[in-house]
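I have placed the structure first, in the form of structure tokens, so that the comments after it can refer back to it.
Model, not experiment: these values are computed from the prediction.
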Amino acid sequence: MHHFTYRDGALYAEDVPLAEIAASVGTPFYCYSSATLERHYTVFAGAFRGQKAQIFFSVKSNSNLAVLATIARLGAGADVVSEGELRRALAAGIPAERIVFSGVGKKAHELAFALEAGIHQFNVESEPELELLSALASARGLEAAVALRINPDVDALTHAKIATGKAENKFGISWKRAPAVYALARDLPGIQAVGVDVHIGSQLTSLAPFEEAFRRVATMVERLRAEGHAISRIDLGGGLGIPYRGDNDVPPHPDEYAAMVRRAIGHLDCEVSLEPGRFIAGNAGVLVASVIYEKQGDDRRFLIVDAAMNDLIRPTLYEAYHHILPVAEPGAASGELRYDVVGPVCETGDYLAKDRPLPPLHSGDLIAIMSAGAYGAVQASGYNTRPLVPEVLVHGHEWAVIRERPSYDDILALDKIPGWLTPS
Ligand SMILES: *Cc1c(COP(=O)(O)O)cnc(C)c1O
């Protein structure tokens with residue numbers, strides 16, 4: 001459910017017409033709905049009411065400070081994967097004790113920064129990382145609360161590029177090695193191995209792979225406890241999918257997900273950590289673009305728009321489907337044409353949709369690329385020296401630019417021409 005709907009023939013974000021924002025900000029731009037972010041967070045958190053659970057929003061899905069601040073006010077914590085994201089979470093008002101640090105390649109300065117900030121938990125993914133964290137923590141007279149991320153070797157049944165829980169993926173500590181790594185952790189100074197962590201992938205649309213992984217985690221916790229480890233926390237990662245295609249492919253509701261969690265690990269009486277990203281932010285954002293040209297090819301019609309793969313890489317990177325809506329609601333009699341919706345970037349992979357039925361569109365018309373709130377703006381690049389897309393947050397009748405479009409001067413000023421190339 002989201003708050004992007006037609007009213008009187010125009011697409012609105014909450015109570016603001018998208019065309020009004022476009023007239024002021026220019027296109028392309030991302031637009032997020034506060035009410036949708038809040039609703040998704042509340043539905044997810046509500047599903048876990050009555051379980052000892054804390055929600056850590058996956059900052060990598062959408063890291064804008066205003067987005068983080070919106071859900072921080074509802075009590076959300078943050079799951080971060082870099083020092084940069086950790087600094088964002090803190091700057092948005094999320095207290096360190098509600099932050100967990102995940103990621104396969106944390107550097108010493110990042111671990112040190114997180115230790116000094118006093119975060120809730122480090123999700124450690126290898127023995128060398130554990131040893132480095134131990135050295136850094138004990139040098140500071142600190143104890144780091146650690147969960148080891150275990151690779152449960154299950155198939156998440158999602159796109160290969162967002163499956164993370166198979167043995168061949170780089171993530172986590174192998175299932176077989178885990179007990180030995182917990183034994184190592186017990187002997188290391190500055191480390192309290194209090195939990196088990198798992199994250200098997202993203203955009204999962206069925207419960208079965210989650211349940212298989214979580215049952216394996218439960219087995220591991222029982223075994224570790226039998227070996228004398230005081231395991232009191234289980235971090236289940238993120239990954240719950242969203243309906244990109246509308247009502248035809250509806251993933252499990254958070255209530256069903258939470259009931260499955262209770263079934264799989266409830267008997268262990270652990271504190272449960274959850275790291276949803278896409279579920280909170282995905283349908284809370286759209287990318288608004290303008291049609292530049294319509295072009296007739298030999299066997300297809302191209303709609304060339306001013307948003308491109310550098311602004312939203314999901315279609316080309318993950319073969320992802322994003323629904324597209326004209327910002328001016330088409331009349332019942334308008335009919336449909338099939339378009340390849342493409343951007344201006346000089347790559348054949350630069351497309352947003354292929355063979356998509358849409359009402360006839362013309363130069364200057366606005367379109368909204370739906371479900372772009374997660375893994376959209378955060379993955380944008382400046383390829384082809386295209387300015388990073390601005391971001392806008394709507395809140396009822398109000399809206400604000402929460403990240404500005406950089407000027408060309410800003411962009412060029414990042415480069416430096418060395419002395420030997422400057423004429424004297
Ligand atoms: C990406 C990621 C998440 C969030 O995944 P979603 O599919 O957006 O819910 C959670 N935890 C970890 C460790 C991740 O890498």
Side-chain angles (χ1 to χ4, degrees), residues 1-2 36 39-49 51 53 55-58 60-61 79 102 149-172 175 196-221 234-268 270 272-284 314-315 317-323 370-376:
M1 208 218 111
H2 58 71
T36 312
R39 182 186 151 79
H40 290 167
Y41 180 81
T42 309
V43 167
F44 196 91
F48 284 92
R49 209 172 296 131
Q51 299 193 47
I55 291 155
F56 301 89
F57 174 65
S58 176
K60 78 176 196 285
S61 68
D79 168 43
S102 301
R149 176 166 175 183
I150 305 303
N151 185 321
D153 195 19
V154 301
D155 187 345
L157 307 175
T158 185
H159 191 274
K161 285 187 178 146
I162 46 176
T164 58
K166 287 289 285 173
E168 73 245 31
N169 301 133
K170 71 179 175 183
F171 299 100
W175 183 256
V196 177
D197 168 44
V198 70
H199 171 74
I200 60 170
S202 200
Q203 185 53 18
L204 272 71
T205 50
S206 91
L207 289 182
F210 284 124
E211 184 155 6
E212 189 185 344
F214 299 171
R215 289 196 184 278
R216 301 203 91 189
V217 167
T219 312
M220 180 65 73
V221 170
I234 296 178
D235 185 329
L236 297 174
L240 188 60
I242 61 167
Y244 280 99
R245 288 172 191 266
D247 294 337
N248 307 327
D249 69 326
V250 181
H253 189 274
D255 288 346
E256 300 169 66
Y257 177 81
M260 176 275 294
V261 166
R262 191 191 293 276
R263 239 178 7 248
I265 64 163
H267 59 289
L268 297 168
C270 282
V272 181
S273 304
L274 301 145
E275 302 171 349
R278 190 188 310 269
F279 182 84
I280 309 289
N283 282 328
R314 299 192 68 262
L317 183 61
Y318 309 124
E319 294 144 70
Y321 176 96
H322 283 266
H323 209 57
M370 307 302 288
S371 309
Y375 307 106

* Output all residues satisfying side chain to side chain contact (heavy atoms under 4.5 Å, CB included) with R39, sequence neighbours left out; order by chain, then residue number. => M1, H3, V43

* **Verdict with supporting geometry, Q51 and L274, side chain to side chain contact (heavy atoms under 4.5 Å, CB included)** => CA-CA 12 Å; Q51 299 193 47; L274 301 145; over 6 Å; no

* To do: Quick one: list whatever passes side-chain hydrogen bond (donor to acceptor under 3.5 Å, both in side chains) with H2, sequence neighbours left out.
  => none

* Results of side chain to side chain contact (heavy atoms under 4.5 Å, CB included) for Y321 - residues two or more places apart only -> R245, H323, R356

* **Nearest atoms (heavy-atom pairs only) where P152 meets I150** => CD-O, 3.3 Å

* Can you check whether L240 reaches P276 side chain to side chain, under 4.5 Å on heavy atoms? -> no

* Distance, nearest 0.5 Å, that separates CD of E275 from NE2 of H199 -> 7.5 Å

* **Results of ring pair (Phe, Tyr, Trp, His ring centres under 6.0 Å) for F279 - residues two or more places apart only** => H40, F44

* Asked: How would you list, by chain and number, every residue that makes a side chain to side chain contact (heavy atoms under 4.5 Å, CB included) with S273, sequence neighbours excluded?
  -> F56, D235

* Rounded to the nearest 0.5 Å, what's the gap from CD1 on I242 to OG on S202? Could you check? => 9.0 Å

* Structure fact -> Hits for side-chain hydrogen bond (donor to acceptor under 3.5 Å, both in side chains) against N151, two or more places apart or cross-chain, chain-then-number order -> none

* Nearest 0.5 Å please: distance from the CE atom of M370 over to the CG atom of N283. => 7.5 Å

* E319 and H159: side chain to side chain contact (heavy atoms under 4.5 Å, CB included), yes or no, with the steps? -> CA-CA 9 Å; E319 294 144 70; H159 191 274; 3.2 Å; yes

Could you go through residues 250-262 and list every donor-acceptor pair under 3.5 Å that involves a side-chain atom there, pairing it with any protein atom two or more places apart or in another chain?
unit_1 : atom_1 : unit_2 : atom_2 : d
H253   : ND1    : D255   : N      : 2.9
E256   : OE2    : H253   : N      : 3.1

* Excluding sequence neighbours, so at least two apart, what forms ring pair (Phe, Tyr, Trp, His ring centres under 6.0 Å) with F171? -> none

* To do: Tell me, please, which residues at least two apart from R278 pass salt bridge (charged side-chain N to carboxylate O under 4.0 Å, His left out).
  => none

* Structure fact -> dist Y375:OH -> I162:CD1 (nearest 0.5 Å) comes out at 8.5 Å

* **Heavy-atom side-chain proximity of I200 to R216 below 4.5 angstrom** => no

* To do: Drop me the distance from Q203's CD to Y244's OH, to the nearest 0.5 angstrom.
  => 5.0 Å

* To do: Compare all side-chain heavy atoms of V272 with those of L236 and state whether any distance is below 4.5 angstrom.
  => yes

* **Under the salt bridge (charged side-chain N to carboxylate O under 4.0 Å, His left out) test, residues paired with K166 that sit two or more places apart** => D153

* To do: Name all residues meeting the side chain to side chain contact (heavy atoms under 4.5 Å, CB included) criterion together with L268; count only those two or more places apart in sequence or in a different chain, and write none if there are none.
  => A218, V221, E222, R225, I234, I265, C270

* **Distance (rounded to the nearest 0.5 Å) between T36 OG1 and I280 CD1** => 11.5 Å

Which atom pairs, donor and acceptor, lie under 3.5 Å between side-chain atoms of residues 205-213 and protein residues at least two apart or in another chain?
unit_1 : atom_1 : unit_2 : atom_2 : d
E211   : OE1    : R263   : NH2    : 2.9
E211   : OE2    : R215   : NE     : 3.2
E211   : OE2    : R215   : NH2    : 2.7
E211   : OE2    : R263   : NE     : 3.3

